[in-house]
Amino acid sequence: MKASRILMTCLIALSLGFTTSAYAGGGKHKDRANWEQMTEQEKLEHLQKRLDRRVERLAEKLELTDAQKVKVRQIFERAQTEKMDIKARHQGDRKAARAEFKKAKEATRAEIEEVLDAEQKQKFQQMRERMKERVGKRGKSGR
C-alpha cells in the first residue's frame, strides 16, 4: 500500500515534468548525477532507501519504539509527497516555493515531535540545534 502510493506520487510528479536541480546537477552522490537516466522503478527504490535511512538514523538517535518508527515513516512519506507537489507546482522556481517549503518543514517537525516522548523531544531539539550550527558554519547557501 505504501509503496504503491509513493510510486503513484512519483509517476504523477514525473508525468508533470518534475525534475530537480539537486538530482540533475551532479555533485558528490552518484545517484544525483544519474537521476535523469534512472527508470521510474529505480527512482522509487532510491526514494524508499532514502526514507529507510532517515527513519533508521532517527530511530537510532532517539531510541524510537517500533510503533514510533511506523509513525515517523508515515510523516516522512507525507512530507516527501508534499515536497514533490510543491516542486511540481512551482516548476523549478525555488524562490516562489521557498515559503511553502519552510512551512512544510516546520509542519513535519511538529508532527514528529507529537510522536515523541519528553526525553526524545529534548534529544530531537538538540539534534536540530547541532544541525543549525553545522549549516551556519557552511554558510547560508549550504555549500
Side-chain angles (χ1 to χ4, degrees), residues 1-36 38 40 42-143:
M1 182 73 171
K2 291 179 196 174
S4 64
R5 186 175 76 191
I6 292 174
L7 176 60
M8 182 58 75
T9 301
C10 288
L11 293 175
I12 290 170
L14 290 170
S15 69
L16 292 171
F18 166 70
T19 58
T20 172
S21 60
Y23 290 106
K28 64 181 179 180
H29 299 290
K30 181 177 76 172
D31 290 336
R32 289 182 182 174
N34 296 325
W35 183 258
E36 293 297 322
M38 293 170 76
E40 283 78 17
E42 290 170 332
K43 290 177 183 179
L44 175 64
E45 290 171 5
H46 174 78
L47 293 172
Q48 290 290 344
K49 287 178 186 176
R50 187 169 146 198
L51 278 174
D52 291 341
R53 286 190 307 264
R54 287 182 75 194
V55 171
E56 286 307 313
R57 196 173 323 126
L58 203 59
E60 182 180 310
K61 291 182 178 187
L62 299 179
E63 301 176 21
L64 299 179
T65 65
D66 289 340
Q68 286 175 315
K69 285 182 193 179
V70 169
K71 290 177 183 177
V72 166
R73 183 174 181 84
Q74 290 169 343
I75 293 166
F76 283 155
E77 286 174 346
R78 183 211 44 82
Q80 180 173 287
T81 301
E82 186 175 358
K83 185 176 180 181
M84 291 171 67
D85 291 344
I86 293 168
K87 286 180 181 181
R89 274 197 309 277
H90 293 286
Q91 298 183 1
D93 185 356
R94 292 177 59 111
K95 189 174 183 178
R98 188 170 292 136
E100 282 189 69
F101 282 132
K102 186 175 182 176
K103 185 177 177 182
K105 189 176 184 178
E106 289 303 319
T108 300
R109 287 178 179 159
E111 283 183 67
I112 289 172
E113 285 183 359
E114 289 177 19
V115 173
L116 306 176
D117 64 30
E119 183 179 331
Q120 291 168 326
K121 282 181 189 180
Q122 184 178 13
K123 286 181 186 178
F124 185 62
Q125 289 169 353
Q126 290 171 348
M127 288 170 53
R128 289 181 55 208
E129 288 301 317
R130 284 192 300 270
M131 179 66 75
K132 284 180 185 179
E133 289 173 13
R134 287 193 321 215
V135 169
K137 288 180 182 177
R138 290 191 321 231
K140 195 161 186 146
S141 70
R143 294 181 186 175

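Atoms considered below: every heavy atom in the structure, side chains included; atoms not considered: hydrogens, waters and symmetry mates. On a predicted model such as this, the values are computed, not experimentally measured, just so you know.
Of all heavy-atom pairs between Phe76 and Arg54, the closest is CE2-NH2, 3.2 Å. Across every non-hydrogen atom of Gln68 and Val115, the tightest pair is NE2-O, 3.0 Å. Residues Asp117 and Gln120 share a closest heavy-atom pair of OD1-N, 2.8 Å. Here the closest heavy-atom approach between residue Lys61 and residue Met127 is recorded as CD-CE, 3.8 Å.
By the 4.5 Å heavy-atom criterion applied to side chains, Ile112 and Thr108 are counted as neighbours. Looking at heavy atoms from C-beta onward, Glu63 lies in side-chain contact with Lys123 at the 4.5 angstrom threshold. Counting heavy atoms from C-beta outward, Val72 and Glu111 have side chains that stay 4.5 Å or more apart. The shortest distance between side-chain heavy atoms of Glu42 and His46 does not fall below 4.5 Å. For the pair Leu64/Leu116, a side-chain contact is recorded, criterion being any heavy-atom separation below 4.5 Å from C-beta on. You'll find the side chain of Lys95 stays beyond 4.5 Å of the side chain of His90, heavy atoms only.
In summary, Lys102 and Glu106 do not engage in a salt bridge, as defined by a charged side-chain N under 4.0 Å from a carboxylate O. Using a cutoff of 4.0 Å between basic side-chain nitrogens and carboxylate oxygens, Lys71 and Glu114 are not scored as salt-bridged. Taking the charged nitrogens against the carboxylate oxygens, Glu40 and Lys43 have no contact shorter than 4.0 Å, which rules out a salt bridge. The residues Arg78 and Glu82 are annotated as salt-bridged, a charged nitrogen and a carboxylate oxygen being separated by less than 4.0 angstrom. Under the 4.0 Å criterion applied to side-chain N and carboxylate O atoms, Glu113 and Arg128 are assigned as salt-bridge partners.
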I would like to know whether Glu77 and Arg73 meet salt bridge (charged side-chain N to carboxylate O under 4.0 Å, His left out); could you show each step before the answer?
CA-CA 6 Å; Glu77 286 174 346; Arg73 183 174 181 84; 3.2 Å; yes
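Distance CG/Asp85 to NZ/Lys83: 12.5 Å, rounded to 0.5 Å. Atom NZ in Lys121 sits 12.5 Å away from atom CG in Leu62 (nearest 0.5 Å). We find the CG-NZ distance between Asp93 and Lys87 to be 13.5 Å, quoted to the nearest 0.5 Å.
Checked options Arg50, Lys49, Glu45; the residue passing with Leu47 is Arg50 (criterion: side-chain contact (heavy atoms from CB on, under 4.5 Å)).
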